[in-house]
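Chain letters run A, B, ... following the sequence lines, proteins first, then strands; residues in each count from 1.
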Amino acid sequence: MSTNEKGGLLLLDIYAVLLEKQGFQDWWPGDTNLEICIGAILTQNTAWGNVEKAINNIKKESLMSLDALLNAGEKKIATLIRPAGYFNQKAKYVYGFCKFIKTSPFKELKKNELLKTRDALLAIKGIGKETADSILLYVLDYPIFVIDAYTKRIFSRIGVCNENMDYDDMQNFFYRNLIIDVELFKDYHAQIVTLGKGSCRKKPKCENCVLRARKICSYGLN
DNA sequence: CGCCAGGGCCTCA
DNA sequence: TGAGGCCATGGC
């Protein structure tokens, strides 16, 4: 049903341009699996710069480990992650996630099937589809395509999908029109975020957009 | 100042 | 199942 089912070539073309112009992104930012997961939770509807401050606060007190965070407790975590916003909610989420990983370590999760693992993550309070998929892709190396606000904005501006598509619709669009490859999925999402933070902001800076330069996107040209 | 940032949960139709 | 309210800090 999609607007463009020759989109397979299109999506790969777009990635090629992004890779060429922005360079390989080598993502997700974070030193350890736990840090990636916490970053994924903290960045919900929040600027990454504020997430970095929060993560640095945790590291400064040497609390970036499962046992240390569980021992510190929700209140302490809330104090440390304050710069990331929604700190009371997120402290609960981080604590609950740590409790889950304590009983189901990453290595054990990896032995499970993809959908089973995804369901387990989604059952944790505070882990929705995007956060779960980020963990599945960047920590557990499952071939999952992450959808976020940048993805919706960029590809609806390009015109290959519309903004009323929900998460699953968007994700299926990418699955239908891309080859399934973990490393491609990792870097593609990273490229999308870089473009979204750079030129394809809510208030767009189309002048220096690499997709407009290649005539892939004509947003705002009438 | 107001707007925005790599969402998700809860509630109520 | 979908729309709306709520959560909150910091940069620009």
Residue set satisfying side chain to side chain contact (heavy atoms under 4.5 Å, CB included) with A/Asp169, at least two apart, ordered chain then number -> A/Met165, A/Asp166

Are any of the side-chain nitrogens in A/Asp141 or A/Lys186 under 4.0 Å away from the carboxylate oxygens of its partner? yes

Could you verify whether a donor N or O on one side chain and an acceptor N or O on the other, from A/Lys205 and A/Asn208, lie under 3.5 Å apart? no

For atom C1', what is the distance between C/dC7 and B/dC1, given to the nearest Å? 22 Å

Separation of A/His189 atom NE2 from B/dG7 atom C1', in whole Å? 12 Å

Do we see a donor-acceptor contact under 3.5 Å between the side chains of A/Asp133 and A/Gln171? yes

A/Phe97 has an atom CZ; how far is it from atom P of B/dG7, in whole Å? 18 Å

If you take all heavy atoms of A/Glu74 and A/Lys92, which pair is closest and at what distance? OE1-CG, 3.3 Å

Within residues 36-48 of chain A, the residues having a heavy atom closer than 4.0 Å to DNA chain C are A/Asn45

Verify the contact: side-chain N or O of A/Arg153 to OP1 or OP2 of B/dC4, cut-off strictly under 4.0 Å; return yes or no. no

With sequence neighbours left out, the residues meeting salt bridge (Lys or Arg N to Asp or Glu O under 4.0 Å) with A/Glu35 are A/Lys59

Separation of C/dT1 atom P from A/Met165 atom CE, nearest Å, is 18 Å

Counting only heavy atoms and a strict 4.0 angstrom limit, can you tell me which residues of residues 79-88 of chain A come near DNA chain C? A/Arg82, A/Pro83, A/Gly85, A/Tyr86, A/Phe87, A/Asn88

If we count only N and O atoms by modelled type, under 3.5 Å, do the side chains of A/Gln191 and A/Asp187 hold a donor and an acceptor together? yes

Find every protein N or O atom lying less than 3.5 Å from an N or O atom of nucleotides 9-13 of chain B, and list the pairs.
residue	atom	partner	partner atom	Å
B/dC9	OP1	A/Gly126	N	3.1
B/dC10	OP1	A/Lys125	NZ	2.9

Which residues pass the ring-ring contact (aromatic ring centres under 6.0 Å, His included) test with A/Tyr15, sequence neighbours left out? A/Tyr188

What do you reckon, are the aromatic ring centroids of A/Phe155 and A/Phe174 less than 6.0 Å apart? yes

Without hydrogens or angle criteria, can the side chains of A/Lys110 and A/Thr117 be said to hold a donor-acceptor pair below 3.5 Å? no

A/Val139 and A/Ile135, any side-chain heavy atoms less than 4.5 Å apart: yes

pair A/Lys129-A/Val146: side-chain heavy atoms closer than 4.5 Å: no

With the 4.5 Å side-chain cut-off for hydrophobic clustering, are A/Leu109 and A/Leu122 part of the same group? no

Those residues of residues 56-63 of chain A lying under 4.0 Å from DNA chain C by at least one heavy atom: none

A/Glu61 and A/Lys76 ion-paired at < 4.0 Å: yes

Do A/Ile154 and A/Phe145 share a hydrophobic cluster (ILVMFWY, side-chain heavy atoms under 4.5 Å, transitive)? yes

Please list, in numerical order, the residues of residues 194-202 of chain A that have a heavy atom closer than 4.0 Å to any atom of DNA chain B. A/Lys197, A/Lys202

Nearest-Å distance for atom pair NZ/C1', residues A/Lys152 and B/dA5: 15 Å

Heavy-atom closest contact (A/Leu121 atom, A/Ala132 atom, distance): CD1-O, 3.9 Å

Pick the P atom in B/dG8 and in C/dG10, then give their distance to the nearest Å. 22 Å

Strand contacts (DNA chain B) in residues 141-149 of chain A, 4.0 angstrom heavy-atom criterion: A/Asp148, A/Ala149

The criterion is ring-ring contact (aromatic ring centres under 6.0 Å, His included); which residues satisfy it with A/Tyr95, sequence neighbours excluded? none

Watson-Crick or G-U pairs under 3.5 Å in DNA chain C, rendered as dot-bracket with [ ] for crossing pairs and | for another strand: |||||||.||||

With heavy-atom distances below 4.5 Å as the criterion, would you say the side chains of A/Leu115 and A/Glu113 are in contact? no

For A/Tyr138, enumerate each residue passing the ring-ring contact (aromatic ring centres under 6.0 Å, His included) test, keeping only those at least two apart in sequence or located in another chain. A/Trp27, A/Trp28

With heavy atoms under 4.0 Å as the rule, sort A/Thr151 into base, sugar-phosphate or nothing. nothing

Would one find a side-chain N or O of A/Lys92 under 4.0 angstrom from OP1 or OP2 of B/dG8? no

Approximate separation, where rounding is to 0.5 Å, of A/Leu195 CG and A/Arg201 CZ: 11.0 Å

Mind listing the closest non-hydrogen atom pair of A/Leu34 and A/Cys98 along with its distance? CD1-SG, 4.4 Å

